[in-house]
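Below is one structure, written out as structure tokens; comments come after it.
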Amino acid sequence: KAANRLLRLEDHYSLVGGLAELAAIRAGEERAHVQRLKHHCFTLADDLRRHHPALGLSRQLVEDLANVSVLHDIGIMNVPDSLLNKRGRLTDKETQTMREHAQEGGRILHKLYQETGSAYLLLAHEMAFHHHQRWDGSGYPSKLRGESIPLSARIIALADTYNALRSRRPYKDPMPREHTETVIIEGRGTSFDPMVVESFLRVRERMNEIHEQLRCLSETW
């Protein structure tokens with residue numbers, strides 16, 4: 001049903017919603033997970049817009065970034081069910097297969113960008129391809145370092161980590177807020193852009209509010 005709906009979509013916002021629906025269903029996610037991520041990205045990006053005007057983040061760009069953030073894991077649709085639902089540690093080969101979702105998601109969205117010429121979908125490609133880069137250069141798929149990582153990807157890297165740590169998965173319970181915040185703070189300058197961590201420290205109360213408000217969201221798409 002989701003795929004048939006996707007074929008009838010006429011605008012980019014609807015396209016993003018349809019693709020995100022497919023990815024969420026494939027990964028066994030609930031609507032709350034992707035909605036939290038969208039709001040977390042908006043909160044961080046809007047704080048950076050206000051505190052760092054030299055970044056050139058307009059209000060429209062902040063909204064676009066938040067809207068397309070839900071597509072960052074679109075490549076997960078190519079990952080086998082056995083890996084998505086595995087309880088326990090992945091083998092090296094399984095880890096490599098799982099990591100390919102970033103490159104695959106980037107490929108899917110870049111193809112859509114080439115067909116439409118939409119800067120909106122180019123932003124989606126950027127976030128999907130680079131959301132597992134790390135500030136210290138140890139991430140994947142291309143081991144970019146520091147400010148060579150697109151700002152959108154630096155924002156979603158932190159937002160996605162926060163959301164994932166505080167979410168329940170088949171293989172883990174949600175991590176408490178305090179432990180999640182410690183992980184992010186300790187990742188400053190290694191996993192995360194120090195500037196984005198500073199933004200997180202300014203807005204962490206709001207991000208916790210978002211998590212609690214959407215924790216039990218159960219509507220279907």
Side-chain angles (χ1 to χ4, degrees), residues 16 19-20 23 27 33-34 36-38 40-49 52 54-57 61-62 64-79 83-84 90 92 94-113 119-167 180-201 203 207:
V16 164
L19 287 171
H33 181 82
V34 290
R36 284 196 304 267
L37 177 65
K38 177 179 174 178
H40 290 327
C41 281
F42 178 89
T43 300
L44 287 168
D46 198 50
D47 177 83
L48 289 168
R49 178 184 66 84
H52 296 277
L55 293 172
L57 286 170
L61 183 54
V62 167
D64 287 348
L65 187 153
N67 282 322
V68 300
S69 68
V70 298
L71 293 179
H72 75 288
D73 266 343
I74 191 70
I76 212 77
M77 290 192 292
N78 277 5
V79 177
L83 294 190
L84 290 177
L90 300 180
D92 290 345
E94 288 171 337
T95 297
Q96 182 57 40
T97 299
M98 183 69 79
R99 287 185 171 188
E100 289 172 2
H101 81 275
Q103 207 161 355
E104 179 62 15
R107 184 194 66 77
I108 292 168
L109 292 166
H110 193 264
K111 182 178 180 181
L112 287 173
Y113 160 68
Y120 190 72
L121 293 174
L122 181 60
L123 179 63
H125 152 75
E126 186 179 87
M127 297 178 79
F129 191 86
H130 293 294
H131 70 279
H132 282 294
Q133 307 286 5
R134 289 168 53 105
W135 183 255
D136 63 4
S138 64
Y140 62 89
S142 51
K143 296 189 180 296
L144 296 184
R145 177 189 298 269
E147 293 184 1
S148 64
I149 304 169
L151 177 60
S152 61
R154 287 180 262 155
I155 292 170
I156 196 172
L158 191 150
D160 190 38
T161 298
Y162 181 88
N163 198 26
L165 290 178
R166 298 202 65 187
S167 298
T180 300
E181 292 182 357
T182 297
V183 168
I184 290 173
I185 293 168
E186 291 179 348
R188 178 177 4 206
T190 53
S191 296
F192 309 116
D193 179 348
M195 177 181 65
V196 181
V197 175
E198 289 173 9
S199 176
F200 169 74
L201 293 175
V203 301
M207 290 180 68

Looking at [atom1] of [X] and [atom2] of [Y], how far apart are the two atoms once the value is rounded to the nearest 0.5 Å?
X: M127; Y: D160; atom1: CE; atom2: CG; answer: 9.5 Å
X: T95; Y: L90; atom1: OG1; atom2: CG; answer: 4.5 Å
X: H40; Y: I155; atom1: NE2; atom2: CD1; answer: 14.0 Å
X: S152; Y: L65; atom1: OG; atom2: CG; answer: 5.5 Å
X: L151; Y: D193; atom1: CG; atom2: CG; answer: 7.5 Å
X: M195; Y: W135; atom1: CE; atom2: CH2; answer: 7.0 Å

Donor on one side chain, acceptor on other, R134 and S191, under 3.5 Å: yes
For the residue pair H101 / D73, report whether a side-chain donor-acceptor contact shorter than 3.5 Å exists. yes
Kindly indicate whether the side chain of [X], heavy atoms from C-beta on, has any atom under 4.5 Å from the side chain of [Y].
X: T182; Y: E186; value: yes
X: L44; Y: M207; value: yes
X: P141; Y: Q133; value: yes
X: R154; Y: E147; value: yes
X: V68; Y: E126; value: no
X: V203; Y: D46; value: no
X: F192; Y: T161; value: yes
X: N67; Y: K38; value: yes

So, do F200 and Y162 have ring centers that fall under 6.0 Å from each other? yes
Taking the six-membered ring for Trp, are Y140 and H132 ring centroids under 6.0 Å apart? yes
Between S138 and R145, is a side-chain hydrogen bond (donor to acceptor under 3.5 Å, both in side chains) present by the stated rule, with each step listed? CA-CA 8 Å; S138 64; R145 177 189 298 269; over 6 Å; no
Mark yes when over 12 heavy atoms from residues, nucleotides or ligands other than Q103 sit less than 6.0 Å from its CD; otherwise mark no. no
Donor-acceptor contact present, side-chain H131 to main-chain A128, <3.5 Å: yes
I would like to know whether D47 and S199 meet side-chain hydrogen bond (donor to acceptor under 3.5 Å, both in side chains); could you show each step before the answer? CA-CA 6 Å; D47 177 83; S199 176; 2.7 Å; yes
